[in-house]
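Working notes for the structure below.
Just so we're clear, the structure is a prediction, and the values are computed from it rather than from any experiment.
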Amino acid sequence: MMENIEELYRYIEENTEKTLKEPRSFIRFPFIDPGSVYDGNVWDWDTFWCVYGLLPQLDRMKGGTLKERVLRHAKGNVRNFLDWQLPDGYIPMMIEAGEWPEPYLNIQHKQGRLMNMHKPFLCQQIACISEYTGDWSWITQSTEQIARYFDCYRQNYWNAACGLYVWRDDIMIGMDNDPASFGRPESSTANIFLNSFMVMELAAAEKLFRRAADAADGGRSGGPPEGDRAVREREERRAAEAEAHRAALEKAIHREMYDRRDGFFYSQDVDIRTRAYDWFHQGLGVFWKTIPIRIAVWSGFLPMLAGFATKEEAESLRQWYRRSEAFGTAYGITTLDKREKMYRIEATNNPSDWLGPIWLVANYCVFRGMLNYGFRAEAKEIYEGTVRLLSKDLEEHGCLHEYYDPADGRPVMNGGFLNWNILVLNMAAEMEEQA
(Lines give C-alpha, C1' and ligand atoms only; values in the text may rest on other atoms or scores of the structure.)
Protein backbone atom coordinates (compact mmCIF):
# COMPACT_ATOMS: atom_id res chain seq x y z
CA MET A 1 0.00 0.00 0.00
CA MET A 2 2.76 2.47 0.91
CA GLU A 3 4.55 1.72 -2.35
CA ASN A 4 1.40 2.67 -4.25
CA ILE A 5 1.07 5.85 -2.21
CA GLU A 6 4.65 6.81 -3.04
CA GLU A 7 3.95 6.32 -6.76
CA LEU A 8 0.86 8.49 -6.51
CA TYR A 9 2.81 11.09 -4.55
CA ARG A 10 5.50 11.25 -7.22
CA TYR A 11 2.90 11.65 -9.96
CA ILE A 12 1.12 14.45 -8.07
CA GLU A 13 4.43 16.13 -7.25
CA GLU A 14 5.47 16.15 -10.90
CA ASN A 15 2.13 17.48 -12.14
CA THR A 16 1.23 20.08 -9.55
CA GLU A 17 3.00 22.88 -11.40
CA LYS A 18 0.72 22.33 -14.40
CA THR A 19 -2.21 23.55 -12.32
CA LEU A 20 -0.52 26.76 -11.12
CA LYS A 21 -1.62 29.45 -13.55
CA GLU A 22 -0.55 33.05 -13.91
CA PRO A 23 -2.95 35.99 -14.34
CA ARG A 24 -4.68 36.33 -17.69
CA SER A 25 -7.23 38.71 -19.13
CA PHE A 26 -9.46 39.91 -16.26
CA ILE A 27 -8.19 37.19 -13.90
CA ARG A 28 -5.75 39.54 -12.19
CA PHE A 29 -4.14 37.22 -9.63
CA PRO A 30 -2.39 33.84 -9.91
CA PHE A 31 -4.70 30.89 -9.41
CA ILE A 32 -5.01 27.11 -9.42
CA ASP A 33 -7.14 25.17 -11.90
CA PRO A 34 -8.08 21.47 -11.83
CA GLY A 35 -5.90 20.42 -14.76
CA SER A 36 -6.95 18.35 -17.79
CA VAL A 37 -9.49 20.20 -19.96
CA TYR A 38 -10.04 22.91 -17.33
CA ASP A 39 -7.41 25.37 -18.43
CA GLY A 40 -7.77 28.92 -17.20
CA ASN A 41 -10.79 28.51 -14.95
CA VAL A 42 -11.00 29.68 -11.35
CA TRP A 43 -13.57 27.45 -9.63
CA ASP A 44 -14.94 27.84 -6.11
CA TRP A 45 -14.92 24.43 -4.44
CA ASP A 46 -12.34 22.98 -6.86
CA THR A 47 -9.72 25.51 -5.79
CA PHE A 48 -10.52 24.87 -2.13
CA TRP A 49 -10.01 21.11 -2.35
CA CYS A 50 -6.82 21.47 -4.37
CA VAL A 51 -5.38 23.81 -1.73
CA TYR A 52 -6.68 21.61 1.10
CA GLY A 53 -4.94 18.63 -0.47
CA LEU A 54 -1.67 20.35 -1.34
CA LEU A 55 -0.85 22.25 1.84
CA PRO A 56 0.07 19.20 3.97
CA GLN A 57 2.47 18.08 1.23
CA LEU A 58 4.32 21.35 0.66
CA ASP A 59 7.25 20.94 3.04
CA ARG A 60 8.14 17.72 1.30
CA MET A 61 7.11 18.43 -2.28
CA LYS A 62 10.17 19.11 -4.44
CA GLY A 63 12.17 19.78 -1.32
CA GLY A 64 9.86 22.59 -0.32
CA THR A 65 10.59 24.64 -3.43
CA LEU A 66 6.92 24.67 -4.47
CA LYS A 67 5.74 26.00 -1.14
CA GLU A 68 5.84 29.73 -1.81
CA ARG A 69 4.39 29.35 -5.29
CA VAL A 70 1.46 27.24 -4.14
CA LEU A 71 0.71 29.66 -1.30
CA ARG A 72 0.88 32.60 -3.70
CA HIS A 73 -1.58 30.92 -6.04
CA ALA A 74 -3.82 29.76 -3.18
CA LYS A 75 -4.16 33.33 -1.90
CA GLY A 76 -4.66 34.39 -5.50
CA ASN A 77 -7.70 32.12 -5.74
CA VAL A 78 -9.35 34.07 -2.92
CA ARG A 79 -8.26 37.45 -4.25
CA ASN A 80 -9.66 36.69 -7.69
CA PHE A 81 -13.09 35.98 -6.26
CA LEU A 82 -13.06 39.05 -4.01
CA ASP A 83 -11.81 41.09 -6.96
CA TRP A 84 -15.04 40.34 -8.84
CA GLN A 85 -17.48 40.69 -5.97
CA LEU A 86 -20.43 42.91 -6.92
CA PRO A 87 -21.75 45.71 -4.68
CA ASP A 88 -24.60 43.56 -3.31
CA GLY A 89 -22.11 40.92 -2.15
CA TYR A 90 -22.58 38.48 -5.03
CA ILE A 91 -19.46 36.48 -5.93
CA PRO A 92 -19.48 34.22 -9.00
CA MET A 93 -18.92 30.47 -8.71
CA MET A 94 -16.46 30.47 -11.57
CA ILE A 95 -14.28 33.03 -13.31
CA GLU A 96 -13.36 32.15 -16.86
CA ALA A 97 -11.53 34.50 -19.17
CA GLY A 98 -13.51 34.60 -22.40
CA GLU A 99 -14.79 36.98 -25.03
CA TRP A 100 -16.68 39.02 -22.44
CA PRO A 101 -15.08 41.87 -20.43
CA GLU A 102 -15.84 40.40 -16.99
CA PRO A 103 -17.04 37.08 -15.52
CA TYR A 104 -20.08 35.79 -17.39
CA LEU A 105 -22.03 35.14 -14.19
CA ASN A 106 -21.50 38.74 -13.09
CA ILE A 107 -22.86 39.96 -16.42
CA GLN A 108 -25.96 37.85 -15.86
CA HIS A 109 -26.34 39.14 -12.31
CA LYS A 110 -26.06 42.77 -13.40
CA GLN A 111 -28.76 42.15 -15.98
CA GLY A 112 -31.12 41.08 -13.22
CA ARG A 113 -30.86 37.30 -13.46
CA LEU A 114 -30.29 35.78 -10.04
CA MET A 115 -28.15 32.65 -10.36
CA ASN A 116 -26.23 30.57 -7.84
CA MET A 117 -23.24 32.27 -6.26
CA HIS A 118 -19.86 31.15 -4.94
CA LYS A 119 -20.46 27.92 -3.06
CA PRO A 120 -19.67 28.04 0.69
CA PHE A 121 -15.93 27.42 0.39
CA LEU A 122 -14.53 30.96 0.37
CA CYS A 123 -13.94 31.29 4.13
CA GLN A 124 -12.94 27.64 4.31
CA GLN A 125 -10.16 28.29 1.80
CA ILE A 126 -9.12 31.42 3.71
CA ALA A 127 -8.97 29.46 6.98
CA CYS A 128 -7.12 26.57 5.33
CA ILE A 129 -4.37 28.89 4.08
CA SER A 130 -4.19 31.03 7.21
CA GLU A 131 -4.06 28.13 9.66
CA TYR A 132 -1.32 26.50 7.61
CA THR A 133 0.84 29.65 7.56
CA GLY A 134 -0.18 30.86 11.02
CA ASP A 135 -0.88 34.26 9.46
CA TRP A 136 -4.30 35.85 8.92
CA SER A 137 -3.03 39.37 8.23
CA TRP A 138 -3.21 38.94 4.44
CA ILE A 139 -7.01 38.79 4.59
CA THR A 140 -8.26 40.45 7.77
CA GLN A 141 -8.76 43.74 5.93
CA SER A 142 -11.33 42.04 3.69
CA THR A 143 -13.93 41.27 6.33
CA GLU A 144 -16.36 43.85 4.95
CA GLN A 145 -16.44 41.91 1.68
CA ILE A 146 -16.88 38.65 3.57
CA ALA A 147 -19.77 40.12 5.53
CA ARG A 148 -21.44 41.24 2.29
CA TYR A 149 -20.95 37.76 0.84
CA PHE A 150 -22.96 36.28 3.72
CA ASP A 151 -25.53 39.07 3.48
CA CYS A 152 -26.07 38.18 -0.18
CA TYR A 153 -26.53 34.52 0.72
CA ARG A 154 -29.01 35.41 3.44
CA GLN A 155 -30.91 37.85 1.24
CA ASN A 156 -31.25 35.65 -1.85
CA TYR A 157 -30.71 31.99 -0.97
CA TRP A 158 -32.08 31.52 2.53
CA ASN A 159 -35.57 30.16 3.08
CA ALA A 160 -36.76 31.79 6.30
CA ALA A 161 -39.74 29.45 6.68
CA CYS A 162 -37.54 26.37 7.26
CA GLY A 163 -34.21 28.03 8.10
CA LEU A 164 -32.31 26.33 5.28
CA TYR A 165 -30.37 27.53 2.25
CA VAL A 166 -31.62 26.77 -1.27
CA TRP A 167 -30.04 26.57 -4.67
CA ARG A 168 -31.45 29.29 -6.91
CA ASP A 169 -31.06 27.07 -9.98
CA ASP A 170 -29.32 23.83 -10.97
CA ILE A 171 -26.29 25.42 -12.63
CA MET A 172 -22.82 24.62 -11.27
CA ILE A 173 -24.06 23.22 -7.97
CA GLY A 174 -20.87 21.22 -7.48
CA MET A 175 -22.54 17.86 -8.00
CA ASP A 176 -23.74 18.97 -11.40
CA ASN A 177 -26.67 16.61 -11.96
CA ASP A 178 -27.58 15.71 -8.38
CA PRO A 179 -31.18 14.53 -8.96
CA ALA A 180 -32.29 16.18 -5.72
CA SER A 181 -31.72 19.54 -7.45
CA PHE A 182 -31.07 18.99 -11.15
CA GLY A 183 -34.11 19.80 -13.29
CA ARG A 184 -36.17 21.13 -10.38
CA PRO A 185 -37.84 24.56 -10.14
CA GLU A 186 -35.81 27.57 -9.08
CA SER A 187 -35.30 28.07 -5.32
CA SER A 188 -37.24 24.90 -4.52
CA THR A 189 -34.46 22.68 -3.15
CA ALA A 190 -32.67 22.98 0.16
CA ASN A 191 -29.77 20.70 -0.67
CA ILE A 192 -27.95 18.79 2.07
CA PHE A 193 -24.66 19.50 0.23
CA LEU A 194 -25.20 23.26 0.34
CA ASN A 195 -26.38 23.36 3.94
CA SER A 196 -23.72 21.03 5.36
CA PHE A 197 -20.91 22.99 3.77
CA MET A 198 -22.54 26.26 4.86
CA VAL A 199 -22.20 25.04 8.46
CA MET A 200 -18.48 24.61 7.84
CA GLU A 201 -18.27 27.96 6.04
CA LEU A 202 -19.84 29.80 8.97
CA ALA A 203 -17.40 28.12 11.36
CA ALA A 204 -14.51 29.33 9.19
CA ALA A 205 -16.02 32.83 9.01
CA GLU A 206 -16.22 32.98 12.80
CA LYS A 207 -12.48 32.27 12.97
CA LEU A 208 -11.76 34.98 10.42
CA PHE A 209 -13.83 37.62 12.20
CA ARG A 210 -12.21 36.76 15.55
CA ARG A 211 -8.73 37.09 14.02
CA ALA A 212 -9.75 40.46 12.58
CA ALA A 213 -10.91 41.51 16.05
CA ASP A 214 -7.56 40.44 17.49
CA ALA A 215 -5.74 42.39 14.78
CA ALA A 216 -7.73 45.52 15.63
CA ASP A 217 -6.76 45.15 19.28
CA GLY A 218 -3.12 44.84 18.26
CA GLY A 219 -2.11 43.39 21.62
CA ARG A 220 -1.63 46.81 23.16
CA SER A 221 -1.71 46.57 26.96
CA GLY A 222 -3.08 50.08 27.28
CA GLY A 223 -6.04 49.30 25.07
CA PRO A 224 -6.68 50.34 21.46
CA PRO A 225 -7.65 53.82 20.30
CA GLU A 226 -11.36 54.46 19.86
CA GLY A 227 -11.25 53.67 16.13
CA ASP A 228 -9.60 50.33 16.72
CA ARG A 229 -11.98 49.54 19.54
CA ALA A 230 -14.94 50.13 17.22
CA VAL A 231 -13.39 47.81 14.63
CA ARG A 232 -12.77 45.16 17.26
CA GLU A 233 -16.34 45.35 18.51
CA ARG A 234 -17.69 45.15 14.97
CA GLU A 235 -15.64 42.06 14.16
CA GLU A 236 -16.55 40.41 17.46
CA ARG A 237 -20.20 41.07 16.69
CA ARG A 238 -19.80 39.50 13.25
CA ALA A 239 -18.09 36.48 14.81
CA ALA A 240 -20.92 36.06 17.31
CA GLU A 241 -23.50 36.36 14.53
CA ALA A 242 -21.70 33.70 12.46
CA GLU A 243 -21.58 31.39 15.50
CA ALA A 244 -25.28 31.91 16.24
CA HIS A 245 -26.30 31.43 12.63
CA ARG A 246 -24.26 28.25 12.39
CA ALA A 247 -25.95 26.83 15.50
CA ALA A 248 -29.40 27.72 14.13
CA LEU A 249 -28.57 26.15 10.79
CA GLU A 250 -27.44 22.93 12.44
CA LYS A 251 -30.75 22.76 14.32
CA ALA A 252 -32.70 23.34 11.10
CA ILE A 253 -30.76 20.56 9.35
CA HIS A 254 -31.51 18.12 12.17
CA ARG A 255 -35.15 19.16 12.26
CA GLU A 256 -35.87 19.27 8.54
CA MET A 257 -33.28 17.12 6.75
CA TYR A 258 -32.69 14.07 8.92
CA ASP A 259 -35.19 11.35 8.08
CA ARG A 260 -35.93 9.37 11.23
CA ARG A 261 -37.60 6.60 9.28
CA ASP A 262 -34.65 5.99 6.94
CA GLY A 263 -31.85 7.21 9.18
CA PHE A 264 -30.39 9.37 6.41
CA PHE A 265 -30.01 13.07 5.57
CA TYR A 266 -32.01 14.08 2.50
CA SER A 267 -32.32 17.29 0.52
CA GLN A 268 -35.71 18.93 0.92
CA ASP A 269 -38.40 20.45 -1.27
CA VAL A 270 -39.19 23.85 0.26
CA ASP A 271 -41.86 24.94 -2.24
CA ILE A 272 -44.51 24.20 0.39
CA ARG A 273 -47.54 26.36 1.08
CA THR A 274 -51.32 26.15 1.23
CA ARG A 275 -52.44 26.91 -2.30
CA ALA A 276 -55.82 28.52 -1.79
CA TYR A 277 -58.38 28.77 -4.58
CA ASP A 278 -61.73 30.51 -4.25
CA TRP A 279 -63.32 29.07 -1.10
CA PHE A 280 -61.27 25.86 -1.07
CA HIS A 281 -58.56 25.05 1.52
CA GLN A 282 -59.97 27.25 4.24
CA GLY A 283 -59.46 24.67 7.00
CA LEU A 284 -56.27 22.98 8.15
CA GLY A 285 -53.55 24.14 5.81
CA VAL A 286 -49.98 23.11 5.21
CA PHE A 287 -48.07 23.38 8.47
CA TRP A 288 -44.95 21.41 7.53
CA LYS A 289 -42.01 23.40 6.23
CA THR A 290 -40.37 20.88 3.89
CA ILE A 291 -40.98 17.58 2.11
CA PRO A 292 -38.06 15.12 1.86
CA ILE A 293 -36.64 14.38 -1.55
CA ARG A 294 -35.90 10.77 -0.73
CA ILE A 295 -33.03 10.25 -3.13
CA ALA A 296 -29.97 8.79 -1.44
CA VAL A 297 -26.96 10.84 -2.53
CA TRP A 298 -23.43 10.63 -1.10
CA SER A 299 -23.88 14.12 0.34
CA GLY A 300 -26.20 12.62 2.93
CA PHE A 301 -23.00 11.63 4.77
CA LEU A 302 -21.71 15.24 4.96
CA PRO A 303 -23.03 15.97 8.47
CA MET A 304 -20.32 13.57 9.66
CA LEU A 305 -17.65 15.57 7.82
CA ALA A 306 -19.03 18.81 9.27
CA GLY A 307 -19.13 17.19 12.71
CA PHE A 308 -22.69 18.04 13.71
CA ALA A 309 -24.24 14.60 13.27
CA THR A 310 -25.25 13.09 16.60
CA LYS A 311 -23.74 9.77 17.64
CA GLU A 312 -27.01 8.05 16.80
CA GLU A 313 -27.21 9.71 13.38
CA ALA A 314 -23.59 8.84 12.65
CA GLU A 315 -24.20 5.20 13.55
CA SER A 316 -27.17 5.12 11.19
CA LEU A 317 -25.04 6.61 8.40
CA ARG A 318 -22.37 4.01 9.09
CA GLN A 319 -25.01 1.33 8.57
CA TRP A 320 -25.97 2.96 5.26
CA TYR A 321 -22.35 2.75 4.19
CA ARG A 322 -22.31 -0.91 5.23
CA ARG A 323 -25.10 -1.79 2.79
CA SER A 324 -23.19 -3.06 -0.21
CA GLU A 325 -26.28 -2.71 -2.39
CA ALA A 326 -26.40 1.05 -1.68
CA PHE A 327 -23.06 2.88 -1.94
CA GLY A 328 -20.37 0.28 -1.44
CA THR A 329 -17.81 -0.74 -4.08
CA ALA A 330 -14.26 -2.06 -4.18
CA TYR A 331 -13.07 1.48 -5.02
CA GLY A 332 -14.86 3.62 -2.47
CA ILE A 333 -18.43 4.87 -2.64
CA THR A 334 -20.79 5.58 -5.48
CA THR A 335 -22.06 9.15 -5.63
CA LEU A 336 -25.65 7.89 -5.88
CA ASP A 337 -27.27 4.88 -4.26
CA LYS A 338 -27.08 2.10 -6.85
CA ARG A 339 -30.77 1.33 -6.29
CA GLU A 340 -31.96 4.75 -7.42
CA LYS A 341 -33.63 4.85 -10.84
CA MET A 342 -31.37 7.74 -11.89
CA TYR A 343 -28.21 5.68 -11.37
CA ARG A 344 -26.19 5.91 -14.59
CA ILE A 345 -22.53 5.93 -15.55
CA GLU A 346 -21.83 8.12 -18.53
CA ALA A 347 -19.04 10.27 -19.96
CA THR A 348 -20.46 13.77 -19.92
CA ASN A 349 -19.38 17.32 -19.23
CA ASN A 350 -21.62 20.30 -18.53
CA PRO A 351 -23.14 18.68 -16.56
CA SER A 352 -20.60 16.18 -15.30
CA ASP A 353 -22.01 12.84 -14.19
CA TRP A 354 -22.62 12.49 -10.44
CA LEU A 355 -25.28 9.79 -10.85
CA GLY A 356 -23.06 7.02 -9.53
CA PRO A 357 -19.46 7.38 -10.71
CA ILE A 358 -16.72 7.46 -8.11
CA TRP A 359 -15.31 10.91 -7.48
CA LEU A 360 -12.35 11.27 -5.18
CA VAL A 361 -13.84 14.23 -3.34
CA ALA A 362 -16.84 12.10 -2.32
CA ASN A 363 -14.55 9.28 -1.21
CA TYR A 364 -12.52 11.70 0.91
CA CYS A 365 -15.49 13.44 2.53
CA VAL A 366 -17.08 10.17 3.62
CA PHE A 367 -13.68 8.78 4.69
CA ARG A 368 -12.99 11.86 6.84
CA GLY A 369 -16.48 11.77 8.29
CA MET A 370 -15.99 8.15 9.34
CA LEU A 371 -12.70 9.03 11.04
CA ASN A 372 -14.38 11.95 12.81
CA TYR A 373 -16.72 9.51 14.55
CA GLY A 374 -14.19 6.79 15.26
CA PHE A 375 -15.30 4.41 12.49
CA ARG A 376 -11.76 3.52 11.54
CA ALA A 377 -12.58 0.21 9.84
CA GLU A 378 -14.93 1.95 7.40
CA ALA A 379 -12.43 4.75 6.80
CA LYS A 380 -9.72 2.18 6.11
CA GLU A 381 -11.89 0.44 3.53
CA ILE A 382 -12.54 3.69 1.67
CA TYR A 383 -8.87 4.62 1.82
CA GLU A 384 -7.68 1.26 0.50
CA GLY A 385 -10.30 1.31 -2.26
CA THR A 386 -9.18 4.79 -3.27
CA VAL A 387 -5.53 3.77 -3.45
CA ARG A 388 -6.51 0.68 -5.45
CA LEU A 389 -8.50 2.83 -7.89
CA LEU A 390 -5.89 5.52 -8.53
CA SER A 391 -2.96 3.09 -8.61
CA LYS A 392 -4.78 1.03 -11.24
CA ASP A 393 -5.40 4.15 -13.32
CA LEU A 394 -1.82 5.33 -13.03
CA GLU A 395 -0.43 1.92 -13.95
CA GLU A 396 -2.73 1.40 -16.93
CA HIS A 397 -2.95 4.95 -18.31
CA GLY A 398 -0.03 6.88 -16.84
CA CYS A 399 -2.29 9.59 -15.43
CA LEU A 400 -5.33 10.20 -13.24
CA HIS A 401 -8.84 11.01 -14.43
CA GLU A 402 -11.79 13.08 -13.25
CA TYR A 403 -14.19 10.26 -12.32
CA TYR A 404 -14.48 6.50 -12.49
CA ASP A 405 -16.82 3.59 -13.18
CA PRO A 406 -17.50 1.94 -9.80
CA ALA A 407 -17.96 -1.52 -11.30
CA ASP A 408 -14.43 -1.99 -12.61
CA GLY A 409 -12.53 1.18 -11.71
CA ARG A 410 -12.29 2.18 -15.36
CA PRO A 411 -11.67 5.92 -15.83
CA VAL A 412 -14.63 7.59 -17.48
CA MET A 413 -13.10 10.80 -18.82
CA ASN A 414 -10.65 13.72 -18.61
CA GLY A 415 -7.19 12.27 -18.21
CA GLY A 416 -4.71 14.57 -16.50
CA PHE A 417 -7.26 15.78 -13.96
CA LEU A 418 -5.48 16.48 -10.67
CA ASN A 419 -7.43 18.68 -8.26
CA TRP A 420 -9.10 16.63 -5.51
CA ASN A 421 -7.37 13.43 -6.59
CA ILE A 422 -4.59 14.88 -4.40
CA LEU A 423 -6.77 13.97 -1.41
CA VAL A 424 -5.52 10.39 -1.56
CA LEU A 425 -2.34 11.72 0.08
CA ASN A 426 -4.37 13.31 2.87
CA MET A 427 -6.12 10.01 3.42
CA ALA A 428 -2.81 8.20 3.78
CA ALA A 429 -1.50 10.72 6.32
CA GLU A 430 -4.74 10.80 8.30
CA MET A 431 -4.88 7.00 8.50
CA GLU A 432 -1.32 6.98 9.79
CA GLU A 433 -2.12 9.65 12.39
CA GLN A 434 -4.87 7.48 13.82
CA ALA A 435 -2.95 4.22 13.66
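Side-chain atoms of E235 and T143 include a donor-acceptor pair closer than 3.5 Å. At a cut-off of 3.5 Å, with distance as the only test, a side-chain donor of S130 or W138 sits close to an acceptor on the other residue. Using modelled atom types, one finds no donor on one side chain facing an acceptor on the other under 3.5 Å when comparing D33 with N41. H73 and E22 share a side-chain donor-acceptor pair at under 3.5 Å. For the residue pair Q124 and Y52, no side-chain donor N or O sits within less than 3.5 Å of a side-chain acceptor on the partner. Residues Q268 and E256 bring no donor and acceptor atom of their side chains to less than 3.5 Å of each other. A side-chain N or O of S137 and one of D135 form a donor-acceptor pair less than 3.5 Å apart.
In summary, the aromatic rings of W354 and F193 are positioned with their centroids too far apart to meet the 6.0 Å limit. For F308 and H254, the ring centers sit closer than 6.0 Å to each other. Between F197 and F121, the gap from one ring centroid to the other is short of 6.0 Å.
Among residues two or more places apart in sequence or in another chain, the side-chain hydrogen bond (donor to acceptor under 3.5 Å, both in side chains) test is passed with R168 by E186, S187. For the ring-ring contact (aromatic ring centres under 6.0 Å, His included) test, no residue two or more places apart in sequence or in another chain qualifies with Y9. Partners of W84 under the ring-ring contact (aromatic ring centres under 6.0 Å, His included) rule, at least two apart in sequence or in another chain, are F26. For the ring-ring contact (aromatic ring centres under 6.0 Å, His included) test, residues two or more places apart in sequence or in another chain that qualify with Y258 are F265. Y266 meets the ring-ring contact (aromatic ring centres under 6.0 Å, His included) test with F264; sequence neighbours excluded.
Using a 4.0 Å cut-off between charged nitrogen and carboxylate oxygen, R344 and D353 do not count as a salt-bridge pair.
D88 pairs in a side-chain hydrogen bond (donor to acceptor under 3.5 Å, both in side chains) with only one of the listed residues (R148, H109, Q155), which is H109.
Nearest heavy atoms, K338 versus T329: NZ-CG2, 4.4 Å. Nearest heavy atom pair, residue C152 against residue Y157, reads O-CD1, 3.7 Å. T290 and C162 make their closest contact through CG2-CB, 3.7 Å (heavy atoms, listed as atom of the first residue, atom of the second, distance).
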Please evaluate residues W420 and Y364 with respect to the criterion side-chain contact (heavy atoms from CB on, under 4.5 Å), reporting the C-alpha separation (whole Å), side-chain torsions for both, the decisive distance (0.1 Å), and the verdict.
CA-CA 9 Å; W420 43 55; Y364 177 79; over 6 Å; no
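Listed by first and then second residue, the ring-ring contact (aromatic ring centres under 6.0 Å, His included) pairs that reach into residues 368-399 are H397-H401, sequence neighbours excluded.
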